[in-house]
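What follows is one structure encoded as structure tokens, with my remarks underneath.
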There are 2 protein chains.
Amino acid sequence: MYDLLIGNIKELVPLTEDESRLIQNYFEPVHLKKKQFLLQSGESSNHMRFISQGCLKLYNIDELGAEYILQFGISGWWLNDLYAYLTKKPATYFIQAITESTVLQIHRDKLDELFDKSHMMDRFFRIKTQNGYVALQERTINNMSQSVEQRYLEFITRYRNIEQQIPQYMLASYLGVTPEHLSTIRKKLIGH
Amino acid sequence: MYDLLIGNIKELVPLTEDESRLIQNYFEPVHLKKKQFLLQSGESSNHMRFISQGCLKLYNIDELGAEYILQFGISGWWLNDLYAYLTKKPATYFIQAITESTVLQIHRDKLDELFDKSHMMDRFFRIKTQNGYVALQERTINNMSQSVEQRYLEFITRYRNIEQQIPQYMLASYLGVTPEHLSTIRKKLIGH
DNA sequence: CAATTTCATTAAGGTATCTTAAGAACGCTA
DNA sequence: TAGCGTTCTTAAGATACCTTAATGAAATTG
């Protein structure tokens, strides 16, 4: 179960045997059934989280009860309310399993300990966060400059594996449109 | 001139005298007149960049020639086409001075050298990037869930210092609307 | 100081997306 | 397999935002 996690880290930085062992000791598995919450708005987010199996969503809910999906996460991705984690303030987001999932998570205290013990852990999260930042920048510019149709097409080709695990109305939320509108867009596309 | 940079780093991590000295040696100043480019699409982005003085914009241009501002940067901020920097691929963005500016920049080779010499430099950029990621996530969710009017009001209260340095049509571009539309929104707001 | 460029405003008509409402298809679960 | 919740589709009318074009104000330059 930890192989995916260790492999994910070793893709970017070397780890000693000691470090690998520590990581395995510090990360704890959490199993979630479909629709179960890993984090709810208002709670504190004290763990850094790696998805071992399944599919989850990170979203928030506004005053009117509308849901906005900020991010999906699947096997091999990191997912968190990072603001709440870093500041220790109450979460503003929800993390919920879309399918049955397994998450490996490490408590902030343990991770900070790892950071002090291991230069490479700082480096790993530096690079990982830089990559995430770049991806989010690209999404931002795409949201500004492309039509919903283009963004839909890009999503389903780039993240086919995610698309296959989520209902269409969640993808609509992620893309920032209503499910009704996404449906009409798809209709137009089918007739070429 | 380097005080702001060193101070910026020391806000997040401790630095030894040696490290501070190295940083001062490795970062080189670049002076830009108004409208001058620090980076153009197609060039390679080989430096990590810190704004010492002035105000700049990071933007791209689509096939039709339309400009989309991804980010502004002012004194004390880091600004870059991070994707181009990390991958060594040609830049897709432009960085241009809005006002006369001074930037301190370090070549990737030197920064990588610093990363290997100093655990704290890895940590600094980890934390800095995490904070940037969180800010960008918040912008993303705001773009999804708030009206242009709300986003405009938030920008001018939160970034009053930026707003005072940029023309209104650039803020419109950043907010993802036309200057004409932003103008009508402002008109509505003035009459309460 | 005059000339020129840059920037902001206004308005009319067009397009994209939303809201609301209803019904159809699908997949669980009793 | 019948029933129920979940998801997707369709359509009409409403709203937000864009496009184009024109004007005026402000800032920059010669």
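Here is the naming used below: chain letters follow the sequence lines, and residue numbers restart at 1 for every chain.
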For the pair made of [atom1] in [X] and [atom2] in [N], what is the distance, rounded to whole Å?
X        : N      : atom1 : atom2 : result
B:Leu182 : C:dT9  : CG    : C1'   : 11 Å
B:Ile166 : C:dA8  : CD1   : C1'   : 14 Å
A:Ile185 : C:dT15 : CD1   : C1'   : 13 Å
B:Gln165 : C:dC7  : CD    : P     : 15 Å
B:Lys188 : C:dT10 : NZ    : C1'   : 15 Å
B:Glu67  : C:dT6  : CD    : C1'   : 14 Å

**Asked** Can you tell me how far CD1 of A:Ile9 sits from OH of A:Tyr2, rounded to the nearest 0.5 angstrom?
**Response**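 Reported value, rounded in 0.5 Å steps: 12.0 Å.
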**Request:** First locate atom CD of A:Gln105, then atom CG of A:Leu79, and finally report the distance between them rounded to the nearest 0.5 Å.
**Result:**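 Between atom CD of A:Gln105 and atom CG of A:Leu79 there are 11.5 Å.
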**Prompt:** Side chains of A:His107 and A:Glu28: do they bring a donor and an acceptor to under 3.5 Å?
**Reply:**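 Note: A:His107 and A:Glu28 side chains miss the donor-acceptor criterion.
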**Request:** State whether a side-chain donor-acceptor pair under 3.5 Å links B:Asn60 with B:Ser41.
**Result:**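 No.
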**Request:** For residues B:Phe72 and B:Tyr174, establish whether the separation of their ring centroids is below 6.0 Å.
**Result:**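 B:Phe72 vs B:Tyr174: aromatic centres under 6.0 Å.
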**Prompt:** Is B:Glu163 paired with B:Arg186 through a side-chain N to carboxylate O contact shorter than 4.0 Å?
**Reply:**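 Looking at B:Glu163 together with B:Arg186, the answer is no, because their closest N to O distance does not fall below 4.0 Å.
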**Asked** Can we say B:Asp116 and A:Arg123 salt-bridge, meaning some charged N sits less than 4.0 Å from an Asp/Glu carboxylate O?
**Response**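 Salt bridge between B:Asp116 and A:Arg123, a charged N being under 4.0 Å from a carboxylate O: yes.
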**Asked** Where does the angle between the aromatic ring planes of B:Phe125 and B:Phe115 fall among parallel (under 30°), tilted (30 to 60°) and perpendicular (over 60°)?
**Response**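 If you compare the ring of B:Phe125 with that of B:Phe115, the planes turn out perpendicular.
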**Request:** Mind checking B:Lys34 for me? I need base, sugar-phosphate or nothing, with any heavy atom below 4.0 Å counting as a touch.
**Result:**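 The residue B:Lys34 makes sugar-phosphate contact but no base contact.
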**Message:** Quick check with a 6.0 Å cut-off and a 45 degree axis cone: is B:Arg49 positioned over the face of B:Tyr85's six-membered ring?
**Reply:**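 So B:Arg49 doesn't make the cation-pi contact.
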**Asked** 5' to 3' on DNA chain D, which nucleotides open and close the contacts with chain B (atom under 4.0 Å from a heavy atom)?
**Response**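 Extent of the interface on DNA chain D: D:dC17 to D:dT28.
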**Prompt:** At what angle, to 10 degrees, do the two end axes of the helix from C:dC1-D:dG30 to C:dA30-D:dT1 meet, given five pairs define each axis?
**Reply:**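 One end's axis against the other's: 50°.
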**Asked** Would one find a side-chain N or O of B:Lys187 under 4.0 angstrom from OP1 or OP2 of C:dA11?
**Response**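 So the side chain of B:Lys187 is within the cut-off, an N or O lying under 4.0 Å from OP1 or OP2 of C:dA11.
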**Prompt:** Is the shortest side-chain N/O distance from B:Arg186 to OP1 or OP2 of C:dT9 below 4.0 Å?
**Reply:**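 It does, given that an N or O in the side chain of B:Arg186 lies less than 4.0 Å from OP1 or OP2 of C:dT9.
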**Request:** Side chain of B:Glu180 only, please: which of C:dT17, C:dC7, C:dT9 is the nearest?
**Result:**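 The answer is C:dT9.
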**Earlier contact from the 5' end, DNA chain C, for B:Tyr169 and B:His181** =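 Checking each residue's closest nucleotide, the 5'-ward one belongs to B:Tyr169.
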